[in-house]
Amino acid sequence: PGKRNATSCRWLGSTPVIARVRIYDSEGRPVRTLTGSEYVTGTGSFVWNGYDDRGRKAPIGIYIILLDAVDASGTEAISAKGVVVVAGRL
């Protein structure tokens, strides 16, 4: 109880979008690309297991989740940010 080995996020939309989800460390360096310009039908989700693009466990710290999306016609873009903490046992 109380332990989670991954973080997940879901978004709800009414129109199809092309979405990209990336993880950055607290210094703004890219850590992981979870989705790379994928077409989703308005509702989407992702899970980050705490590993970087090279398959290494991310160090303890604060990470920024960035979602960029554009509608199918390319006329409307949105961005959303979130924060997740990778922690260890005390």
Side-chain angles (χ1 to χ4, degrees):
K3 294 190 297 183
R4 292 185 2 189
N5 294 323
T7 191
S8 62
C9 184
R10 203 170 63 157
W11 68 88
L12 304 171
S14 58
T15 59
V17 295
I18 299 168
R20 179 174 58 191
V21 178
R22 295 173 290 175
I23 308 288
Y24 294 89
D25 68 14
S26 61
E27 300 294 320
R29 294 178 293 242
V31 173
R32 179 92 186 256
T33 299
L34 295 176
T35 62
S37 300
E38 291 184 13
Y39 184 79
V40 293
T41 58
T43 300
S45 65
F46 67 86
V47 174
W48 182 43
N49 61 2
Y51 286 81
D52 66 14
D53 280 334
R54 295 180 181 168
R56 299 175 301 192
K57 193 180 231 182
I60 291 171
I62 298 170
Y63 293 85
I64 294 93
I65 301 168
L66 179 63
L67 164 68
D68 290 313
V70 63
D71 67 359
S73 66
T75 58
E76 187 176 343
I78 60 164
S79 289
K81 290 182 188 176
V83 176
V84 65
V85 175
V86 173
R89 292 186 178 180
L90 294 176

- Query: Atom CZ of R29 and atom CD1 of I23: how far apart are they, to the nearest 0.5 Å?
  - Reply: 15.0 Å
- Step by step, would you call L67 with F46 a side chain to side chain contact (heavy atoms under 4.5 Å, CB included)? CA-CA 10 Å; L67 164 68; F46 67 86; 6.0 Å; no
- Query: Would you find more than 12 non-hydrogen atoms of other residues, nucleotides or ligands less than 6.0 Å from L66 atom CG?
  - Reply: yes
- Task: Indicate, with yes or no, if Y24 and V21 share a hydrophobic cluster defined by side-chain heavy-atom contacts under 4.5 Å among Ile, Leu, Val, Met, Phe, Trp and Tyr.
- Result: no
- Query: Nearest 0.5 Å, what's the CZ-OG1 distance between R22 and T35?
  - Reply: 9.0 Å
- Of all heavy-atom pairs between S79 and D68, which one has the smallest distance, and what is that distance? OG-OD1, 2.6 Å
- Note on the structure: Closest heavy-atom pair, I64 versus S26, reported as atoms and distance to 0.1 Å, is CD1-CA, 4.1 Å
- Does T7 use its side chain to pair, donor to acceptor, with the backbone of W48 at less than 3.5 Å? no
- Contact summary for V47 and S8, nearest pair of heavy atoms: CG2-CB, 3.8 Å
- Query: Would you say K57 and V86 make side-chain contact, with heavy atoms under 4.5 Å?
  - Reply: no
- Query: Are R32 and D53 within salt-bridge range, i.e. N to O under 4.0 Å?
  - Reply: yes
- Message: Minimum heavy-atom separation for V31 and D25, please, with both atom names.
- Response: CG2-N, 3.5 Å
